[in-house]
Amino acid sequence: MNVVQANSASGMHVSDECKLRFLELKAKRTYRFIVFKIDEKAQQVKIEKLGNPEETYDDFTSSIPEDECRYAVYDFDFTTEDNCQKSKIFFIAWSPDTSRVRSKMLYASSKDRFKREMDGIQVELQATDPSEMSIDIIKARAL
């Protein structure tokens, strides 16, 4: 088995709906954010919540469970120092200290495959605590 096959075999299968909705977020800006959840029984990553374009960063953070792991993408709009309107797509790997060890391991081992399937992610954030994905950190990472 070559390296490419070995890598694609590790991690959870990413459902086609995940890829489709991500493309809509990236190309059409249909969503502000998407929260993804690993369905252990189905052995795949599925969509848990789609955020409408008018939803805020607070709406996004409140839709992520406090004590369970999730993946999320967030389309962040910002203005550069020279007054240009831009946006960056953030990938957030949420793995709170209070979540189950098995869950943390599952999300950690599937992250690289998931990111490969979501082509167009510009900034990655790892967060184990809400302060690690505060709006200030998002702003700082975007610039």
Side-chain angles (χ1 to χ4, degrees), residues 1-80 84-143:
M1 183 146 80
N2 67 28
V3 175
V4 175
Q5 286 174 314
N7 281 347
S8 65
S10 67
M12 287 285 160
H13 172 74
V14 179
S15 75
D16 289 339
E17 192 196 2
C18 291
K19 297 175 212 175
L20 186 66
R21 298 293 168 252
F22 178 75
L23 281 173
E24 289 174 346
L25 176 144
K26 184 175 87 169
K28 301 184 187 137
R29 308 196 73 192
T30 312
Y31 309 107
R32 171 65 55 202
F33 62 85
I34 308 172
V35 178
F36 302 92
K37 177 182 186 174
I38 291 178
D39 181 334
E40 290 185 46
K41 285 193 180 80
Q43 292 285 296
Q44 69 173 339
V45 181
K46 293 183 167 177
I47 290 176
E48 184 171 65
K49 181 172 184 352
L50 296 167
N52 298 321
E54 62 278 357
E55 290 196 63
T56 65
Y57 193 72
D58 285 340
D59 294 327
F60 164 64
T61 55
S62 65
S63 64
I64 294 178
E66 210 172 291
D67 53 3
E68 287 179 40
C69 299
R70 292 293 184 273
Y71 298 136
V73 289
Y74 186 85
D75 186 6
F76 180 65
D77 292 324
F78 63 100
T79 307
T80 63
C84 291
Q85 285 293 321
K86 291 202 168 170
S87 80
K88 280 199 176 155
I89 297 174
F90 277 76
F91 166 69
I92 298 167
W94 170 243
S95 184
D97 293 332
T98 51
S99 60
R100 295 183 357 259
V101 172
R102 176 175 161 66
S103 179
K104 283 190 252 200
M105 289 169 59
L106 197 57
Y107 276 81
S109 65
S110 299
K111 185 180 77 159
D112 288 339
R113 177 174 180 184
F114 180 80
K115 277 185 4 205
R116 267 198 310 280
E117 304 266 5
M118 302 291 138
D119 184 37
I121 289 167
Q122 293 159 300
V123 185
E124 180 184 339
L125 263 190
Q126 291 271 29
T128 58
D129 177 86
S131 67
E132 295 173 351
M133 52 184 250
S134 69
I135 190 66
D136 296 336
I137 288 175
I138 296 286
K139 285 176 184 164
R141 292 289 303 275
L143 294 171

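Residue indices begin at 1 and follow the sequence shown.
Between the CG atom of Leu50 and the CD1 atom of Ile34 there is a distance of 5.5 Å, given to the nearest 0.5 Å. From Thr30, atom OG1 reaches atom CG of Leu20 across 9.5 Å, with rounding to the nearest 0.5 Å. We find the NZ-CD1 distance between Lys19 and Ile47 to be 12.0 Å, quoted to the nearest 0.5 Å. One distance of note links SG of Cys69 with CZ of Arg100; it measures 8.5 Å at 0.5 Å rounding. Note: His13 NE2 to Ile38 CD1 = 12.5 Å, rounded to the nearest 0.5 Å. The line from OH of Tyr107 to CH2 of Trp94 is 12.5 Å long, rounded to the nearest 0.5 Å.
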Tell me which donor-acceptor pairs under 3.5 Å the side chains of residues 132-143 have, and how far apart each pair is, sequence neighbours excluded?
{"unit_1": "Glu132", "atom_1": "OE1", "unit_2": "Thr128", "atom_2": "N", "d": "2.6"}
{"unit_1": "Glu132", "atom_1": "OE1", "unit_2": "Thr128", "atom_2": "OG1", "d": "3.0"}
{"unit_1": "Glu132", "atom_1": "OE2", "unit_2": "Thr128", "atom_2": "OG1", "d": "3.3"}
{"unit_1": "Ser134", "atom_1": "OG", "unit_2": "Ile137", "atom_2": "N", "d": "3.4"}
{"unit_1": "Arg141", "atom_1": "NH1", "unit_2": "Glu124", "atom_2": "O", "d": "3.2"}
{"unit_1": "Arg141", "atom_1": "NH2", "unit_2": "Glu124", "atom_2": "O", "d": "3.0"}

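Among all heavy-atom pairs drawn from Ile64 and Ala72, the shortest one is CD1-CB, 4.3 Å. In plain terms, the two heavy atoms of Glu68 and Ser99 that are nearest each other are CA-CB, 4.1 Å. Residues Ser110 and Gly11 come closest through the heavy atom pair OG-CA, 3.4 Å. Heavy atoms only, all atoms of each residue included: Gln43 and Met12 are closest at C-SD, 3.3 Å. Considering all non-hydrogen atoms of both residues, Ser15 and Gln44 come closest at CB-OE1, 3.4 Å. Considering every non-hydrogen atom in both Lys111 and Tyr71, the closest pair reads N-OH, 3.1 Å.
You'll find the side chain of Phe91 stays beyond 4.5 Å of the side chain of Met118, heavy atoms only. The closest side-chain heavy-atom distance from Arg113 to Arg116 is below 4.5 Å. With contacts defined as side-chain heavy-atom distances shorter than 4.5 Å, the pair Lys26/Arg29 does not qualify. Counting heavy atoms from C-beta on, the side chains of Phe22 and Ile89 come closer than 4.5 Å. Inter-residue side-chain proximity for Ile92 and Val73 is flagged as unmet; no heavy-atom pair is nearer than 4.5 Å. When side chains are defined from C-beta on, Asp39 does not count as touching Val45, because their heavy atoms never get closer than 4.5 Å.
Every residue two or more places apart in sequence or in another chain that forms a ring-ring contact (aromatic ring centres under 6.0 Å, His included) with Phe36 is listed here: Phe114. For the salt bridge (Lys or Arg N to Asp or Glu O under 4.0 Å) test, no residue two or more places apart in sequence or in another chain qualifies with Lys37.
Salt bridge status for Lys46 with Glu17: absent, with no side-chain N to carboxylate O gap under 4.0 Å.
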Using the rule given for side chain to side chain contact (heavy atoms under 4.5 Å, CB included), can you reason through Glu55 versus Phe33, listing the C-alpha separation, both sets of side-chain angles and the distance that settles it, and then say yes or no? CA-CA 8 Å; Glu55 290 196 63; Phe33 62 85; 3.9 Å; yes
Would Lys86 and Asp77 count as a side chain to side chain contact (heavy atoms under 4.5 Å, CB included) here? Give the steps. CA-CA 6 Å; Lys86 291 202 168 170; Asp77 292 324; over 6 Å; no
Salt bridge (charged side-chain N to carboxylate O under 4.0 Å, His left out) between Glu54 and Arg32: does it pass, once the steps are laid out? CA-CA 7 Å; Glu54 62 278 357; Arg32 171 65 55 202; over 6 Å; no
I'd like to know whether Gln85 forms a side chain to side chain contact (heavy atoms under 4.5 Å, CB included) with Phe78, so could you lay out the CA-CA distance, the side-chain angles of the two residues, the decisive distance to 0.1 Å, and finally the verdict. CA-CA 6 Å; Gln85 285 293 321; Phe78 63 100; over 6 Å; no
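Taking the ring centroids of Tyr74 and Phe60, they lie under the 6.0 Å cut-off.
A donor and an acceptor atom, one from each side chain of Asp129 and Ser131, are located under 3.5 Å apart.
Atom CG of Asp67 sits in a crowded spot, with more than 12 heavy atoms from other residues, nucleotides or ligands closer than 6.0 Å. Surrounding CD of Glu66 are at most 12 heavy atoms belonging to other residues, nucleotides or ligands under 6.0 Å away.
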